[in-house]
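Have a look at the structure below, then the notes.
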Amino acid sequence: MATFSAPKGVPDYYPGAGAADSSAFLAVREGLTRPARLAGYGHIELPIFEDTALFARGVGESTDVVSKEMYSFDDRGGRSVTLRPEGTAGVMRAVIEHSLDRGQLPTKLSYSGPFFRYERPQAGRYRQLQQVGVEAIGVDDPALDAEVIAIADAGFRGLGLTGFRLEITSLGDDTCRPQYRELLREFLFSLPLDEATRARAEINPLRVLDDKRPEVRELTADAPLMLDHLSAETAEHFAAVRRHLDALGVPYVINPRMVRGLDYYTKTTFEFVHDGLGAQSGIGGGGRYDGLMAQLGGQALSGIGFGLGVDRTLLALQAEGVTVGDVARCEVFGVALGEAAKDAVVQLVATLRAAGIRADMSYGGRGMKGAMKAADRSGARLALVVGDRDLEAGRVGVKDLSTGSQSEVPAAEVLAAVQAALG
Ligand code: HAM
């Protein structure tokens, strides 16, 4: 019979060494979340699908994410819903809906989980992607921008990642960006650009600055840059963010041509880029979004946040040869030789688990050889070997699976012996 495959561009993670190792996946998700928890961000768990209009209005109709990549469908009640392509719009919706912005500000929230974009699958670009994100809402303070950036930086470094750089810029705000856009438009339309690029310039002139084609790069080499046209206030904001990052020891480079794929960004904007990943080099990104909440019907409050790619961070760690997570399923593996011994091993394993030790045992009446093989495969450091004769003598064999040495321990002292051996 024909079998099934996961949908195209959708990765599975499962136990076992290798690129799909689920213990490494969990370690990355946890490692990226930890710094946020240390900084007082509370967990928010949000729906996987939302009203389609939320993303259209929040993320922006002209973005690729909304215009080309959304998984949208009508539910059985005829409502158009969309699998969330990103997290910020949903967080804003929940903050407004539950008045989370009515207490002490900033409201600090973190989340993790799957997001969905109908992109062309390739290495590091998935249709179901996993992110860890944070949003800090309600205070427009450059120190908060620096905090958010430093949290992301600490997450990557805490996992042992080193081969990445942080790029930052300021995209201005509505006091200076409209004028700059006009200036850039004029500049772009004075160039001999091809039809498709002109059309892009029409929709969002800033995107043309991010074009990777050498001929376009050359033509736009002297394009006016937002950073040179910031209002005094946004320029001061950006300078303060940089001062804070310097003081925190977070290294960065300024990339005045950075363009993000979502429309809500204002002022500070950033991306973490890893060079070991090929084309899909963005391992995380974010920025300020001062108009988003009002645009979604809430108070006119500012916000800043990031989304870090769990899948890509995992790939980046692998590219650097850094292993994270614990492939071993358990620390201790019970091997019973005989029926009566099996009852004893079941009890022993339960005692170890109750004491917080990860323990498993061989099932299905295998012989000594098969059971020891299972013990090795489990990744355990110790095996407890019990035969019917050991049982009569009231002892258990405690075998160190890395050295092969075995000692006999009175049954009542197994827990203490295991605890001592595991350290
Ligand atoms: P984003 O830059 O679209 O931002 O995505 C954040 C990260 O998710 C990317 O840097 C990348 O690591 C990962 N990612 C995105 N698309 C894919 C994909 N197709 N396959 C694998 N990984 C992917 C956001 O989503 C914003 N909501 C971040 C944010 C929060 N800004 C402010 N607050």
Side-chain angles (χ1 to χ4, degrees), residues 7-11 13 25 28-29 32 36 41 44 46 50 54-55 58-60 63-66 68-71 83-93 95 106-137 144-145 147-149 151-152 155-156 161 164-168 171 210 258-274 276-293 302-317:
K8 208 170 159 219
V10 176
Y13 294 99
F25 174 86
V28 169
R29 196 173 63 185
L32 295 179
Y41 289 71
I44 185 162
L46 290 174
E50 300 259 11
L54 171 68
F55 301 115
V59 177
T63 60
D64 281 357
V65 169
V66 169
K68 299 186 190 151
E69 297 169 2
M70 293 215 296
Y71 280 90
L83 301 184
R84 59 184 189 184
E86 62 96 52
T88 313
V91 170
M92 287 306 119
R93 193 267 309 144
V95 166
T107 302
K108 291 176 163 190
L109 299 166
S110 76
Y111 52 90
S112 62
F115 297 88
F116 305 85
R117 298 181 188 179
Y118 194 79
E119 294 194 76
R120 203 149 42 80
Q122 64 178 72
R125 187 161 70 196
Y126 303 134
R127 288 181 171 168
Q128 176 173 319
L129 57 119
Q130 301 268 350
Q131 284 184 8
V132 166
V134 306
E135 314 293 347
I137 300 142
L144 190 58
D145 300 37
E147 171 181 288
V148 165
I149 294 172
I151 286 172
F156 293 130
L161 204 64
F164 66 91
R165 69 178 176 280
L166 163 62
E167 299 185 351
I168 63 170
L171 295 181
D210 193 39
M258 185 193 308
V259 176
R260 305 270 299 133
L262 314 163
D263 269 357
Y264 45 62
Y265 291 111
T266 54
K267 294 186 189 152
T268 315
T269 316
F270 55 92
E271 243 163 26
F272 288 86
V273 181
H274 194 282
L277 292 184
Q280 303 307 312
S281 57
I283 54 173
R288 208 162 244 299
Y289 42 84
D290 286 351
L292 178 59
M293 198 151 160
S302 60
I304 178 159
F306 63 60
L308 311 181
V310 176
D311 317 87
R312 285 191 194 163
T313 303
L314 195 51
L315 292 171
L317 286 165

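All values below come from the heavy atoms of this structure, side chains included, with hydrogens, waters and symmetry mates left out. Both ligands and their constituent atoms are indexed starting at 1 by order of listing.
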Discussion item. Could you check whether Tyr41 and Glu147, counting side-chain N and O atoms only, form a donor-acceptor pair closer than 3.5 Å?
Written reply: yes
Worksheet item: Taking all atoms of both residues into account, what is the closest heavy-atom pair of Val310 and Gln131, and its distance?
Response: CG2-C, 3.9 Å
Could you go through residues 111-120 and list every donor-acceptor pair under 3.5 Å that involves a side-chain atom there, pairing it with any protein atom two or more places apart or in another chain?
from, atom 1, to, atom 2, distance (Å)
Tyr111, OH, Glu135, OE2, 2.6
Arg117, NE, Pro85, O, 2.8
Arg117, NH2, Pro85, O, 3.1

Discussion item. Going by the rule side chain to side chain donor-acceptor pair (under 3.5 Å), which residues pair with Lys8 if we only count those two or more places apart in sequence or in a different chain?
Written reply: none
When you check ligand 1 against the protein, what N or O pairs turn up below 3.5 Å? List the atom names and distances, or just say none.
from, atom 1, to, atom 2, distance (Å)
ligand 1, 2 (O), Arg260, NH1, 2.9
ligand 1, 2 (O), Arg260, NH2, 2.9
ligand 1, 3 (O), Arg117, NH1, 3.0
ligand 1, 3 (O), Arg117, NH2, 2.9
ligand 1, 4 (O), Arg260, NH2, 3.2
ligand 1, 5 (O), Gln131, NE2, 3.1
ligand 1, 8 (O), Gln131, NE2, 3.1
ligand 1, 10 (O), Gly282, O, 3.4
ligand 1, 10 (O), Gly284, N, 3.1
ligand 1, 12 (O), Gly282, O, 2.8
ligand 1, 12 (O), Ile283, O, 3.3
ligand 1, 12 (O), Gly309, N, 3.4
ligand 1, 16 (N), Arg117, NH1, 3.4
ligand 1, 19 (N), Glu119, OE2, 2.7
ligand 1, 19 (N), Tyr126, N, 3.4
ligand 1, 19 (N), Tyr126, O, 2.8
ligand 1, 20 (N), Tyr126, N, 2.9
ligand 1, 22 (N), Arg312, NE, 3.4
ligand 1, 25 (O), Arg117, NH2, 3.0
ligand 1, 25 (O), Gln131, NE2, 3.1
ligand 1, 27 (N), Glu86, OE1, 2.7
ligand 1, 27 (N), Thr88, OG1, 3.0
ligand 1, 27 (N), Tyr264, OH, 3.0
ligand 1, 31 (N), Tyr265, OH, 2.6
ligand 1, 33 (N), Thr88, OG1, 3.1
ligand 1, 33 (N), Glu135, OE1, 2.9
ligand 1, 33 (N), Glu135, OE2, 3.2
ligand 1, 33 (N), Phe306, N, 3.4

Worksheet entry | Considering all heavy atoms, the nearest Thr63-Leu262 contact | CG2-CA, 4.0 Å
Discussion item. Test of understanding: with side chain to side chain donor-acceptor pair (under 3.5 Å), list the residues that count as partners of Glu69, not counting sequence neighbours.
Written reply: none
